[in-house]
Amino acid sequence: MDSRNRDRGTIKWTSLMLPEHVEMIRKLWKEDERVEKGIIDEQKAIEIDFLLQRALNDDLTVRVKIHNGFDYEEIPMKMEYIHKLKRKVYGVHWETKEKLQISLDDLTDISII
């Protein structure tokens, strides 16, 4: 008879886990894969500012790339206004039509759609 341990690992525990537990474990694993926000150089900051002003003046739809704390996320939006003292961009999500406010510190890239 074979004396090696025949452990099936996580296979034997999956029948005892509820879907809510599996979802919570996936969220924890996602947090472990956290992506740190990079530093934007001065030239990129000037380009982002130019594109923000152009999109606001010409009423264009843009795709902004933000860092949400864990990973990067791209959001299509129609800009309404920029509040420079609060350092926020206000707009409407292009697909869901919900109101958005994005901090300029979280904004990493912008492109005109």
Side-chain angles (χ1 to χ4, degrees):
M1 197 164 203
D2 197 356
S3 64
R4 287 184 287 168
N5 188 1
R6 298 258 183 212
D7 188 20
R8 296 181 320 200
T10 58
I11 296 172
K12 66 180 177 183
W13 296 106
T14 54
S15 63
L16 299 174
M17 295 176 66
L18 295 173
E20 294 85 15
H21 296 140
V22 174
E23 182 179 336
M24 286 173 29
I25 289 173
R26 285 191 182 135
K27 284 182 183 177
L28 285 173
W29 287 341
K30 181 92 173 153
E31 287 180 12
D32 287 343
E33 298 171 2
R34 181 178 297 204
V35 176
E36 294 296 323
K37 182 181 177 217
I39 299 173
I40 297 176
D41 64 342
E42 186 177 345
Q43 185 175 2
K44 184 67 175 176
I46 292 170
E47 179 186 348
I48 288 172
D49 183 50
F50 173 75
L51 289 173
L52 284 173
Q53 294 298 329
R54 181 173 174 217
L56 190 62
N57 291 336
D58 297 341
D59 197 31
L60 301 172
T61 305
V62 295
R63 181 176 310 277
V64 293
K65 184 176 179 182
I66 62 168
H67 188 265
N68 60 11
F70 296 108
D71 200 6
Y72 290 101
E73 176 181 5
E74 290 190 356
I75 302 172
M77 68 180 286
K78 190 76 131 174
M79 292 179 44
E80 291 180 343
Y81 63 96
I82 300 170
H83 197 291
K84 293 199 181 213
L85 292 176
K86 291 183 180 178
R87 297 188 46 80
K88 293 192 182 237
V89 176
Y90 294 89
V92 178
H93 194 284
W94 181 249
E95 295 160 354
T96 62
K97 306 297 185 212
E98 69 182 53
K99 298 276 186 183
L100 296 172
Q101 63 179 18
I102 298 172
S103 172
L104 287 174
D105 297 328
D106 294 338
L107 198 127
T108 59
D109 197 11
I110 183 170
S111 60
I112 296 175
I113 299 177

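These numbers come from a predicted model, not from an experiment.
For R63, the side chain to side chain contact (heavy atoms under 4.5 Å, CB included) partners at least two apart in sequence or on another chain are E74, P76, S111, I113. For D71, there are no side chain to side chain donor-acceptor pair (under 3.5 Å) partners, not counting sequence neighbours.
Hydrophobic side-chain contacts under 4.5 Å tie L51 into a cluster, directly or through other members, with I40, I48, F50, L52, L56, L60, V62, V64, I66, I75, M77, M79, I82, V89, L100, I102, L104, L107, I110, I112.
Taking the six-membered ring where the residue is Trp, Y90 and Y81 present parallel rings, their angle staying beneath 30° rather than reaching 60°.
Around CD1 of I39, the count of heavy atoms belonging to other residues, nucleotides or ligands within 6.0 Å does not exceed 12. Counting non-hydrogen atoms of neighbouring residues, nucleotides and ligands closer than 6.0 angstrom, the NZ atom of K99 reaches no more than 12 such neighbours. For K44, the NZ atom sits in a packed shell: over 12 heavy atoms of surrounding residues, nucleotides or ligands are nearer than 6.0 Å. More than 12 non-hydrogen atoms from other residues, nucleotides or ligands lie less than 6.0 angstrom from NZ of K97.
W29 and V22 fall within the same hydrophobic cluster, where Ile, Leu, Val, Met, Phe, Trp and Tyr residues are linked whenever their side-chain heavy atoms come under 4.5 Å apart, directly or through other members.
A distance-only check finds no donor-acceptor pair linking the side chain of S103 to the backbone of K88 [under 3.5 Å].
The CG atom of D49 sits 11.0 Å away from the CD atom of E47 when rounded to the nearest 0.5 Å. Distance check: H93 NE2 to K78 NZ gives 14.0 Å after rounding to the nearest 0.5 Å. Note: D58 CG to Q53 CD = 11.0 Å, rounded to the nearest 0.5 Å. Here the CZ atom belonging to R87 is positioned 10.5 Å from the CG atom belonging to D106, to the nearest 0.5 angstrom.
Shortest non-hydrogen contact noted between K37 and Y72 is CA-OH, 3.6 Å. Of all the heavy atoms in E36 and H67, the pair that sits closest is C-NE2, 3.8 Å.
Side-chain atoms of E98 and V92, non-hydrogen and from C-beta on, never get closer than 4.5 Å to each other.
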Criterion side-chain contact (heavy atoms from CB on, under 4.5 Å) on H83 and L85, from CA distance to verdict: CA-CA 6 Å; H83 197 291; L85 292 176; 3.6 Å; yes
